Amino acid sequence: MDAKRTFTPEQLHYLRLLSKQFPTVQEAGTEIIRLQAILNLPKGTEHFMSDIHGEHEAFLHILNSASGEVKEKLEELFANCMTQKDRNDLATLIYYPAAKLALVADECDNLDEWYRLTIHRLVELCRYVSTKYTRQKVRSLMPADYEQIIDELVHLAGEGGFRQDQYENIINTTVQIGQAADVIQAISQLIKRLVVDRLHIVGDIFDRGPRADIVMDSLIEAQNVDIQWGNHDVLWMGAASGSRTLVATVLSNSIRYNNLDVIETGYGISLRPLSIFANEVYRDCNTERFKVKLTGTDADQYTEKDKLLSARMYKAITIILFKLEGQKILRRPEFGMADRLLLDKINYEKKTVVVDGVEYPMTDCDFPTVDPADPYTLTDEESHVITQLTESFVHSEKLQKHTRFLYSKGGLYKISNGNLLFHGCIPMGEDGKLLSFTIGGKERSGREFLDYAEKTARKAYYDKRGSAERQFGLDFLWWLWAGRNSPIFGRDRMTTFERRFIEDEKTWAEPKNAYYTYYQDPAVCEMLLAEFGLVGKHCHIINGHVPVKVRKGESPVKGGGKLIVIDGGFSKAYQPTSGIAGYTLIFNSRQLRIVSHQPFAGKYNALHNNDDIENESVIFENLETRMRISQTDEGAELQTRVEDLMMLLEAYRSGAVTEDHKN
């Protein structure tokens, strides 16, 4: 006879708490059976995206299409019974249900018949993509208003007999009472949620493109999403947290790329204080090097007066930025960036500047607010303007909502199902060893430093306003953005000063961290993975940040297949260099697949012509057997839960914990 099991006081305390949730043997046993069933299901599909850079239309299309996964499911299910045009129509409906329904309502002769046929097809597709989930999970993903109707339709479809009559009756009634369009939208939303189980954003949601705020709204609405902060995300997080330096950086970048919609329309931040200041103080200044980038039809929309104002604003905020950066470098010598103090290296008589011990002629020394004897102090007017603008960032309700989401769903890296996700690099020295940093009073490298960096970045937002800890956090966010060998910047220096004021392009170079040389070596990739506790054939690094120059023959696969770069150029500004419009990655229960995307023709063409983003899908790695949930990180958590419940059963049966039969 087995000896009676004994439990430690800590175990008994935990089991009594667990018994509140599962008060009887029957309820605990039922939960064990449910969890074991989930563990045997195939792993859900993971979708990886990176470097979105505010390109909201392209992002939403790739998000809605799941990088071609939705269309692939349509091909698998309907290739033999629907025309290509009908399949394309159905795909576009799933991507953009509200907009497509409006077009159909205007064009269709027999709308009720179209509704009935479309609901049939959507329900069939929904059944097909839901097979890897429990019915409970599927119900949890259904839009609440139509959960009962959709659940009945999915459950009854294909049953035959009186159940088929019941199925048809639900659809007919839905059409008759005018609810068909709403039900179609709800089923389309459910299909997209079922096709992709988890979304990973590997950094850089902000800057360059027009509406990062729309991207953020979509991510907040998405199911099961995580974010690995990119340098441009940290920049905006710092601005929203109250860093005057990072506010100045955001504005400088946005004005340069004529990307003010996100600031003024998206976040409701007025630039009037800056425009008034710039027009007064920089009215008679040389702004030749501060012409704003205007592309395509943008150039025709602005008068010469508009362009001149933009140049003045750009120069005014850039000078403020250089002063504020200098203050940080002087305040934080541990950042090791004293060589980036350049305003005090200007010789105004000779119109030269000394950079790294070399004297260069300057294209512009017309700085009305810079005191050569005290170059890093803001004038009273500059201080007033940047303080006003910073308050606007801090009090933008929408920006604060988005920043909270970035902090709650994000971090510098993530370990997920054998993959290590991060945006920039794991800093390395020229000798191939992990680079050490002494920021914060202790030498750290690798994972230890990234953990410290993430903790410090959170201080900028969560610590008490005005505290020394919060101020250090704000300064550290700036270091993450532009600091030497920062893990999300990954370069030796940011040469904004040189690009604006020095003609010699050799000074513009921003040398990459040694990581970007060593990551071609499989042994180095395995060393980096091991640093984060990942060892095995199917472990990979998934990286963003540096666009893959496809046009020059570069491949997104590095390190003998151990590392995948998925930044291929979402941003239109990068596409001439990259040659494509981005890479994404799909990891389902059978394989990892890299998808390369061509530029998006726009939502209008997608709706009216079914123009999808042209993409090429390449299987990167096949799994030997279909991956089950039991083999995932989620599965490990569920297995621990099963073991706890098994222990609770033993406690009930031994009398160590008493069942609570309320009835």
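Residues take their numbers from the sequence shown, with the count starting at 1. These figures come from a predicted structure and were not determined experimentally.
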Next on the checklist: Can you tell whether the side chains of E448 and K442 come within less than 4.0 Å, N to carboxylate O?
Outcome noted: yes

Next on the checklist: Can you confirm if the aromatic rings of Y267 and W236 lie within a centre distance of less than 6.0 Å?
Outcome noted: yes

Checklist entry - Should the pair F449 and F476 be assigned to parallel (<30°), tilted (30 to 60°) or perpendicular (>60°) ring geometry? => result perpendicular

Checklist entry - Which residues pass the side chain to side chain contact (heavy atoms under 4.5 Å, CB included) test with D463, sequence neighbours left out? => result K459, S467, E469, R470

Item to check | Side-chain donor/acceptor of R444 to backbone N/O of S436, under 3.5 Å | outcome: no

Item to check | Donor on one side chain, acceptor on other, E46 and S416, under 3.5 Å | outcome: yes

Item to check | Ring geometry between Y516 and H545 (parallel below 30°, tilted from 30 to 60°, perpendicular above 60°) | outcome: tilted

Next on the checklist: Do the side chains of D339 and R493 get close enough for a salt bridge, i.e. N-O under 4.0 angstrom?
Outcome noted: yes

Next on the checklist: I'd like to know if R256 and D207 make a salt bridge, using a cut-off of under 4.0 Å between side-chain N and carboxylate O.
Outcome noted: no

Checklist entry - Salt-bridged, D475 to K328, with N to O below 4.0 Å? => result yes

Item to check | Check: C126 and L190 side chains under 4.5 Å, non-hydrogen atoms | outcome: yes

Next on the checklist: I'd like to know if K71 pairs up with E75 as an ion pair, taking the criterion as any Lys NZ or Arg NE/NH1/NH2 lying under 4.0 Å from an Asp or Glu carboxylate oxygen.
Outcome noted: no

Checklist entry - Are the side chain of Q400 and the backbone N or O of A240 linked by a donor-acceptor pair below 3.5 Å? => result yes

Checklist outcome for this item: Tested for ring pair (Phe, Tyr, Trp, His ring centres under 6.0 Å) against H200, the lone hit among F422, F587, F48 is F48

Checklist entry - Does H423 reach the main-chain N or O of V202 with its side chain, forming a donor-acceptor pair under 3.5 Å? => result yes

Next on the checklist: Under 6.0 Å from the ring centre and within 45 degrees of the ring axis: does the NZ or CZ of R458 meet both conditions for the six-membered ring of Y407?
Outcome noted: no

Checklist outcome for this item: To the nearest 0.5 Å, atom CG of L406 lies from atom CG of L399 at 9.0 Å

Next on the checklist: Salt bridge or not between E69 and K192? Use side-chain N to carboxylate O under 4.0 Å.
Outcome noted: no

Next on the checklist: Looking at R34 and E31, is there a salt bridge between them, counting it only when a charged N and a carboxylate O are closer than 4.0 Å?
Outcome noted: yes

Item to check | Qualifying residue, where the test is side chain to side chain contact (heavy atoms under 4.5 Å, CB included) with K562 and the options are L529, L420, D521, V524 | outcome: L529

For residues 629-636, run the donor-acceptor check on the side chains, cut-off 3.5 Å, and write out each pair with its distance to 0.1 Å, sequence neighbours left out.
unit_1	atom_1	unit_2	atom_2	d
Q631	OE1	R628	N	2.7
T632	OG1	I629	O	2.7
T632	OG1	E634	N	3.4
T632	OG1	G635	N	3.0
D633	OD2	N417	N	2.6

Next on the checklist: Going by side chain to side chain contact (heavy atoms under 4.5 Å, CB included), N622 matches just one of R593, R590, Q591. Which one?
Outcome noted: Q591

